[in-house]
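Before any comments, here is the structure.
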Amino acid sequence: MKSSGDSGTSAMSIGTLAARFGLATHVLRHWESMGLLHPVRDTGGRRRYSADDLGRVATILMLKEAGLGLDTIRSLSATADRATRHEILRIEAEALRSRIAAARASLEFIEGGLNCEYEDVTQCPNYRRSIAERVGSHVPTDGPARCGEPPARHACRRGRVLDLPSGDHR
């Protein structure tokens with residue numbers, strides 16, 4: 001992945017490229033030391049980055065945002081073999097799907113706390129059910145589809161039947 005030409009863009013200094021992405025210059029130097037970037041050097045020995053390098057930094061950042069580590073990114077950039085690339089990406093896609101599922105479950109748990117009107121959320125049957133699932137035990141609740149009847153008006157909105165006074169149903 002040697003840099004070549006400037007593809008219509010003048011060469012950038014390390015500071016300019018780093019600023020463009022909100023990175024510290026040491027990050028680009030580290031990526032270079034790992035073989036992810038290959039800037040050309042000017043006559044004074046300063047790094048000069050081309051439009052190709054700009055795209056490469058954007059690619060690295062997108063892959064990092066997807067959860068790939070630098071070693072994996074280096075493996076991807078080092079292979080021209082489609083089957084190898086697909087195997088690496090298949091593994092990473094499965095890991096990302098797992099992280100997304102965990103994040104969705106976490107969001108559901110947090111939203112359950114936000115939507116629960118129990119004074120003490122730890123008494124909410126949905127909270128207790130979530131905790132029981134996490135620890136792998138059974139915690140008695142007020143039934144599989146009810147939020148219980150706290151002393152005050154309650155509406156636990158986690159896709160469950162709501163218990164509201166006076167026949168008030170949302």
Side chain T79, main chain L76, donor-acceptor under 3.5 Å: no
One pair to check against salt bridge (Lys or Arg N to Asp or Glu O under 4.0 Å): E87 and R90. What are the steps and the verdict? CA-CA 5 Å; E87 181 59 17; R90 185 193 61 73; 2.7 Å; yes
Nearest-0.5 Å distance, CG of residue L37 to CG of residue L17: 7.5 Å
Between R99 and A66, is there a donor-acceptor pair closer than 3.5 Å when you use the side chain of the first and the backbone of the second? yes
Interatomic spacing from OG in S106 to CD1 in I110 - rounded to 0.5 Å: 6.5 Å
Roughly how far apart are R48 CZ and T43 OG1, rounded to 0.5 Å? 10.0 Å
Could you check, using the six-membered ring where one of them is a Trp, whether F109 and Y127 have ring centers closer than 6.0 angstrom? yes
Between R128 and T122, is there a side-chain heavy-atom distance shorter than 4.5 Å? no
To the nearest 0.5 angstrom, please state how far the CG atom of L68 sits from the CE atom of M62. 11.5 Å
For M34, look at atom CE and say whether over 12 heavy atoms of other residues, nucleotides or ligands are found less than 6.0 Å away. yes
So does R29 pair up with E32, basic N to acidic O under 4.0 Å? no
Looking just at side-chain N and O atoms, do S13 and T16 make a donor-acceptor pair shorter than 3.5 Å? yes
Taken to the nearest 0.5 Å, the spacing of I60 CD1 from L70 CG works out to 7.5 Å
